[in-house]
Amino acid sequence: MLKVNHDRANRIFNDALVWDNHLCLPMNPARNLASLPLIEDCHRNGVDVVSINIGFGSFSWDQHLQLLTQMRQWFLARSERFTLPATAQDILTARSDGKMSIIFDVEGAIAIGDDLTRIRLLHDLGVRWLLLAYNNGNKAGGGCHDDVDLGLTAHGRALIDEMERVGMLVCASHSGYRTAREILDYSRAPVIFSHSNARALRDHPRNIDDDMIRRCAATGGVIGINAVNIFLGEGDASGKTMAKHIDHIVQLVGIDHAALGLDWAPKDDMAEEIATLAHLFPSGFGYEKVQTGGAELLPDMIEQLLTFGYGDEDIKKVLGGNLLRLAQANWMKAT
Ligand SMILES: [Zn+2]
């Protein structure tokens with residue numbers, strides 16, 4: 001039985017569209033550029049679509065644009081292997097051509113400032129989701145490490161309006177609980193938690209409670225499980241533990257609302273950023289011990305889901321089908 005599940009897991013992994021909705025490369029531009037070949041490893045490891053972040057927290061607009069520009073140039077210069085998809089159909093075409101699709105994301109609205117036209121510009125350049133508050137509160141809303149979460153502001157609502165208008169998904173990961181609930185209540189389009197695990201299985205403020213999971217599903221959105229050890233809860237970033245978080249979500253709200261946002265990052269760069277940006281990563285929450293897993297964990301995760309009794313098509317939804325559905329319905333551009 002075990003061998004059968006192992007072989008079946010590999011077959012599902014190979015057949016499925018695999019979409020990792022969050023990956024972090026170094027913010028330092030030179031190191032960011034030097035790390036881009038790692039994305040080729042992701043493709044070899046079976047990932048068809050990846051969302052790479054172009055900035056987080058208090059990084060400036062100029063810094064976001066610099067990283068976005070240099071990454072776009074790097075991928076566009078390798079168009080025989082990579083696509084920057086405008087539509088969900090582009091992703092399917094790229095996959096059948098053996099190419100990887102690259103999209104981008106932004107963690108925190110500080111870089112947008114008061115200039116909402118930046119949302120449209122980022123969308124045109126391939127940014128497909130943005131979260132409003134990264135651990136600390138800002139003008140848009142509260143963060144998950146705020147002492148007091150003051151909630152979604154008028155500015156935050158204006159950002160959501162513009163994102164929905166241009167076809168950029170709103171993400172509520174890293175937000176405070178009050179802000180996340182107010183985002184979920186206010187939005188008319190599906191809201192995602194791009195990379196958040198279940199607090200019922202691991203008590204950490206970066207994880208989300210069952211009420212948030214239910215409300216997210218009610219918008220039509222998805223919860224992307226990450227492969228970060230301190231958010232998974234058993235001291236390791238393992239596929240088996242990821243499967244338990246996925247199963248928790250599926251038991252609560254069904255198979256259409258679980259996805260992947262692995263949050264993989266190069267280890268040394270991540271440790272340095274966490275140490276340098278202490279205001280974003282308060283002590284006492286395990287950030288100094290962070291380790292992240294990548295696509296190499298997915299066959300084990302699939303095998304565990306098979307052991308739980310999941311069917312092939314259900315697992316394919318988690319691996320990428322659910323995010324593809326959102327792209328098909330919500331990536332439309334404003335006219
Ligand atoms: Zn994050």
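Computed over heavy atoms, backbone and side chain alike; hydrogens, waters and symmetry mates excluded.
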message = Looking at D211 and R214, is there a salt bridge between them, counting it only when a charged N and a carboxylate O are closer than 4.0 Å?
response = no
note = The reported gap from CD1 in I160 to CZ in R157 (rounded to nearest 0.5 angstrom) is 8.5 Å
ask   = Out of curiosity, does I249 fall in the hydrophobic cluster containing L201 (side-chain heavy atoms, cut-off under 4.5 Å, transitive links)?
value = no
message = Are the side chains of I39 and I52 in contact, using a 4.5 Å heavy-atom criterion?
response = yes
ask   = Do D314 and K317 meet the salt-bridge criterion of a basic N to acidic O distance under 4.0 Å?
value = no
ask   = For Q70, which residues count as a side chain to side chain donor-acceptor pair (under 3.5 Å) partner, sequence neighbours excluded?
value = N32
message = side chain to side chain donor-acceptor pair (under 3.5 Å), that's the test. Do H245 and N197 meet it? Break it down for me.
response = CA-CA 6 Å; H245 282 264; N197 294 348; 4.5 Å; no
task = For the pair R128 (side chain) and H123 (backbone), establish whether a donor and an acceptor sit closer than 3.5 Å, ignoring hydrogens and angles.
result = yes
query = Can you name the side chain to side chain donor-acceptor pair (under 3.5 Å) partners of T69, sequence neighbours left out?
reply = none
inquiry  = Salt bridge or not between E272 and R31? Use side-chain N to carboxylate O under 4.0 Å.
reply    = yes
task = Assess whether side chain to side chain donor-acceptor pair (under 3.5 Å) is satisfied between Q251 and D247, documenting all intermediate values.
result = CA-CA 6 Å; Q251 297 304 325; D247 188 52; 2.9 Å; yes
ask   = Atom CG of L65 and atom CD1 of I54: how far apart are they, to the nearest 0.5 Å?
value = 6.5 Å
ask   = Can K99 and D48 be said to form a salt bridge (Lys or Arg N to Asp or Glu O under 4.0 Å), step by step?
value = CA-CA 7 Å; K99 296 184 193 180; D48 299 300; over 6 Å; no
query = Going through the distances and angles, do I103 and W331 end up as a side chain to side chain contact (heavy atoms under 4.5 Å, CB included)?
reply = CA-CA 12 Å; I103 57 173; W331 277 15; 3.8 Å; yes
message = Are the side chains of L36 and F75 in contact, using a 4.5 Å heavy-atom criterion?
response = yes
task = Could you check if a side-chain atom of I91 sits within less than 4.5 angstrom of a side-chain atom of W19, using non-hydrogen atoms only?
result = yes
ask   = Which pair of heavy atoms, one from N21 and one from S194, lies closest together, and at what distance?
value = ND2-CB, 4.2 Å
key: Intermediate values then yes/no, side chain to side chain contact (heavy atoms under 4.5 Å, CB included), M163 and L169   = CA-CA 7 Å; M163 289 170 70; L169 287 169; over 6 Å; no
query = Can you list the steps and then say if R181 with D209 is a side chain to side chain contact (heavy atoms under 4.5 Å, CB included)?
reply = CA-CA 11 Å; R181 287 193 173 87; D209 66 24; 2.7 Å; yes
key: Side-chain donor/acceptor of D263 to backbone N/O of L23, under 3.5 Å   = no
request  = Assert yes or no for the condition that the ring centre distance of H204 to F285 is strictly below 6.0 Å.
outcome  = yes
query = If we only count heavy atoms from C-beta on, is the D269 to L25 side-chain gap below 4.5 Å?
reply = no
ask   = Okay, side chain of N138, backbone of L132: is any donor-acceptor separation there less than 3.5 Å?
value = yes
ask   = Does H22 reach the side chain of C24, with side-chain heavy atoms less than 4.5 Å apart?
value = yes
task = Check whether any side-chain N or O of D300 sits under 3.5 Å from a backbone N or O of K240 as a donor-acceptor pair, and report yes or no.
result = no
inquiry  = Parallel, tilted or perpendicular, judged at 30° and 60°: which one describes the rings of F56 and Y134?
reply    = tilted
ask   = Taking all atoms of both residues into account, what is the closest heavy-atom pair of H43 and G98, and its distance?
value = CE1-O, 3.2 Å
request  = Spell out, yes or no, whether L319 and V253 are grouped together once hydrophobic residues are joined by side-chain heavy atoms under 4.5 Å, including indirect joins.
outcome  = yes
note = CG (L232) and CG (N226) are apart, to the nearest 0.5 Å, by 6.0 Å
query = Is there a donor-acceptor pair closer than 3.5 Å between any side-chain N or O of K289 and the backbone N or O of I230?
reply = no
ask   = Considering all heavy atoms of both residues, which atom of M242 and which atom of A227 are nearest to each other, and what is their separation?
value = SD-CB, 3.7 Å
query = Taking the six-membered ring for Trp, are W129 and H195 parallel (under 30°), tilted (30 to 60°) or perpendicular (over 60°)?
reply = tilted
inquiry  = Whether R72 engages the ring of W74 as a cation-pi pair (distance to the six-membered ring centre under 6.0 angstrom, angle to the ring normal within 45°) should be assessed.
reply    = no
query = Can you tell me how far the CZ atom of F13 sits from the CE atom of M301, to the nearest 0.5 Å?
reply = 8.5 Å
inquiry  = Using modelled atom types and a 3.5 Å cut-off, is there a donor and acceptor pairing between side-chain atoms of H257 and backbone atoms of C216?
reply    = no
task = Please report the shortest heavy-atom distance between V106 and H64, naming the atom on each side.
result = CG1-NE2, 3.8 Å
task = Go through the steps for T93 and D90 under the test side chain to side chain donor-acceptor pair (under 3.5 Å), then give the verdict.
result = CA-CA 5 Å; T93 305; D90 290 345; 5.3 Å; no
ask   = For residues 132-149, which residue pairs qualify under salt bridge (charged side-chain N to carboxylate O under 4.0 Å, His left out), counting only residues two or more places apart or in two chains?
value = D114-K139
message = side chain to side chain donor-acceptor pair (under 3.5 Å), that's the test. Do D62 and S60 meet it? Break it down for me.
response = CA-CA 5 Å; D62 286 353; S60 70; 5.4 Å; no
key: Heavy-atom pair of closest approach, residues L67 and P29   = CD2-CA, 3.9 Å
key: Pair listing, side-chain hydrogen bond (donor to acceptor under 3.5 Å, both in side chains) test, anchored in residues 320-329, at least two apart   = N322-R325
query = Is there a side-chain contact between I12 and L305 (heavy atoms, below 4.5 Å)?
reply = no
key: Residue pair I102 / P85: nearest heavy atoms and the distance that separates them   = O-CD, 3.2 Å
task = Give a yes or no answer on whether the side chain of T219 reaches the backbone of P190 with a donor-acceptor pair at less than 3.5 Å.
result = no
Straight-line distance of M212 CE to I183 CD1, nearest 0.5 Å = 9.0 Å
query = Hey, does the side chain of S196 reach the backbone of F193 with a donor-acceptor pair shorter than 3.5 angstrom?
reply = no
task = Could you tell me whether D124 and R120 make a salt bridge, using a distance below 4.0 angstrom between a side-chain N and a carboxylate O?
result = yes
inquiry  = With heavy-atom distances below 4.5 Å as the criterion, would you say the side chains of I255 and E313 are in contact?
reply    = no
request  = Check which hydrophobic residues are tied to L150 through side-chain heavy-atom contacts below 4.5 Å, counting indirect links as well, and list them.
outcome  = V148
query = Is there a donor-acceptor pair closer than 3.5 Å between any side-chain N or O of T292 and the backbone N or O of V228?
reply = no
query = With no hydrogens and no angle check, is any side-chain donor or acceptor of D20 less than 3.5 Å from a backbone partner on L262?
reply = yes
key: Side-chain touch L131/D105, heavy atoms, less than 4.5 angstrom   = no
remark   = Rounded to the nearest 0.5 Å, the NZ atom of K316 sits from the CG atom of L324 at a distance of 13.5 Å
task = Give every residue pair that meets the salt bridge (charged side-chain N to carboxylate O under 4.0 Å, His left out) criterion with at least one member in residues 182-200, sequence neighbours excluded.
result = D161-R188, E164-R188, R178-E182, D185-R215, R199-D203
query = Linking I/L/V/M/F/W/Y whenever any side-chain heavy atoms sit under 4.5 Å apart, do F104 and M100 land together?
reply = yes
